[in-house]
Amino acid sequence: MQILQPGVLLQHGSYRIEKVLGQGGFGITYLALDINLGRLVAIKEFFPKDYCDRDATTSRVRLGTQSTAEFVNRLKAKFLKEARNIAKFDHPGIIRIYSAFEENNTAYYVMEYIEGESLSAMVKNGGPLPEKQALDYIEKVGEALIYVHDRRINHLDVKPANIMVRRKDGAAILIDFGLSKQYDSEGHQTSTTPTGISHGFAPMEQYNDGGVKEFSPQTDCYSLAATLYYILSGVTPPQAPRLVEEELTFPATIPAKLIGPISKAMSSGRKNRHETIADFLADLRMATRTYTRNEKTRTDSDATEVKPAAPKPTPKPRKPNNPDWIKKEPPKSKYKNFIAWGAGILIVALPIILWALLGNHSANATSEDDSAIALTDTSRVQESNDDMDNAATNVKDITFDTALGKVVFTGTAFEVGDTYIPDYGEAKIIDGPYKGGIYYGEFKNGNFEGQAKYIVSNGDVFEGEFKDNKYYKGIYISKAGNAYFEGYFKNSQPDESRGQWHDGKPAKSK
């Protein structure tokens, strides 16, 4: 028998095996009781079933030939190394590892037990997920992958079965790093690792001999997009080798607006995919923008993709004044403005002139009443405009002034009266103190605010969150690539009390 039997004790009696939760080519996962703390845990046992078996009386794992033993021992060392690396992770979307140890001539690591079900089980039991629910899960798993990639690790086995949804709070948790690889600063793998392929979710490069030998966020990006494909449709995507010759087709349950982002992320060639998970998530958000105005929301299902050049903000943005957004129509000539201004004065003054000429003092009361009515009506119109649930529309090359200077904007914007207020897209700064900078991301009430990427005119890059036209939280990378700051910013300057400088480049900038 290959599995540990219920009741078997591990780590000097600290853990008691309860049952098997799952088994793969290189390991067995058990439900166990942490006897000291009185809690359930999951224990992963290193057990490459093609290379070993187990003594049923002692639970000890037996290896085959000497050459097999050497190979398996290298894999076991990698298993323990990766367990210790993952144990350092501190992210709500990644499973927590408590300890790792060797016993029974093999290795184990102890991790949190997630009571719930996988995305795979959810779809098999209940059918395809609603769009919003599916996108929420993908967003959370994407954030976890960004965290992993920042540490130069590829997961390499992202699929619905490896994403658990915790029952108590609905959180999506990325599990099973058994195929993951660590890479050095040059992008090369640092250890031998078993290769595995989850058909339908693994891209073409994982079918190569030796798997993915260089750091590749695009590989996990493919798998995440394939996962979205599956949970929206209940259909496993075609295997990657088929997609080299055939075009990816989409079941009717996948919204048309998501076909573009998914198709790009699942391109056969890595160079044709999104470079990072963050880029893929931004593409999804762009396709499914939810616009909020005066506490009302609407989804612009007709929004089309706006292609940025290469977005980003400025090192020391000034505190914003409420910007004057450019008019949709060219401004009227000064003569027309003068005529309109004069006509306004005449309209206001006319009752007074008539009163003076006719000497009808009783008209005074009527005039005052009419003015009150007119004022009330104007107030109502203004109130109606303020409450209007404006649709976002696509605009291109609109020029206006902002707190960072004059910009040319392409993206989605709200129509308010005869003006546009930008909502999401690319703003190239063409004049002012930050001339040459490029911002791509979110706006709030016309200000640079939200998730964005900004390229400074000198080539430096910021990626993260803007608040009130300033860097707030994220990564600032020098053009030279020899240092970057990660953390919080104060007045757009690195706040070293809540972040730190690092040598080299962060993983996702490679």
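The shown structure was predicted, so the numbers you read here are calculated from the model rather than taken from an experiment.
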Check: Where is the tightest heavy-atom contact between Lys76 and Asn105, given as atom of each residue plus distance?
Finding: NZ-O, 3.9 Å
Notebook entry, point to check: Looking at residues at least two apart in the chain, or sitting in another chain, which of them share a ring pair (Phe, Tyr, Trp, His ring centres under 6.0 Å) with Tyr51?
Noted result: Phe71
Notebook entry, point to check: Which pairs count as salt bridge (Lys or Arg N to Asp or Glu O under 4.0 Å) when at least one residue sits in residues 224-241, sequence neighbours excluded?
Noted result: none
Notebook entry, point to check: Please walk me through it: do Lys44 and Met111 pass side-chain contact (heavy atoms from CB on, under 4.5 Å)?
Noted result: CA-CA 8 Å; Lys44 180 76 172 283; Met111 53 192 166; 3.9 Å; yes
Note to self: Please enumerate all residues that pass salt bridge (Lys or Arg N to Asp or Glu O under 4.0 Å) together with Glu112, with sequence neighbours excluded.
What the structure shows: Arg166
Note to self: Once side chain to side chain donor-acceptor pair (under 3.5 Å) is applied, what residue pairs with a partner in residues 244-256 remain, sequence neighbours excluded?
What the structure shows: Arg242-Glu246
Checklist line | Partners passing salt bridge (Lys or Arg N to Asp or Glu O under 4.0 Å) against Glu442 (at least two apart in sequence or in another chain) | finding: Arg289
Note to self: Checking Tyr147 now: which residues fulfil ring pair (Phe, Tyr, Trp, His ring centres under 6.0 Å) with it, not counting sequence neighbours?
What the structure shows: Phe89, His91
Notebook entry, point to check: So which pairs with a foot in residues 20-38 pass salt bridge (Lys or Arg N to Asp or Glu O under 4.0 Å), sequence neighbours left out?
Noted result: Asp34-Arg39
Next item on the list: Apply ring pair (Phe, Tyr, Trp, His ring centres under 6.0 Å) to Tyr222 and list each qualifying residue two or more places apart in sequence or on a separate chain.
Entry: none
Next item on the list: Not counting sequence neighbours, which residues clear ring pair (Phe, Tyr, Trp, His ring centres under 6.0 Å) with Phe489? List them please.
Entry: Phe462, Tyr471, Phe485
Next item on the list: Check whether the side chains of Thr276 and Asp279 place a donor and an acceptor atom closer than 3.5 Å, and report yes or no.
Entry: yes
Next item on the list: Determine which pairs satisfy ring pair (Phe, Tyr, Trp, His ring centres under 6.0 Å) with at least one residue from residues 251-288, sequence neighbours left out, and list them in order.
Entry: His274-Phe280
Checklist line | Pairing residues for Lys132 by the salt bridge (Lys or Arg N to Asp or Glu O under 4.0 Å) criterion, not counting sequence neighbours | finding: Asp136
Next item on the list: Indicate yes or no: at least one non-hydrogen side-chain atom of Leu33 is less than 4.5 angstrom from one of Glu18.
Entry: yes
Checklist line | By salt bridge (Lys or Arg N to Asp or Glu O under 4.0 Å) - contacts of Asp503 (at least two apart) | finding: none
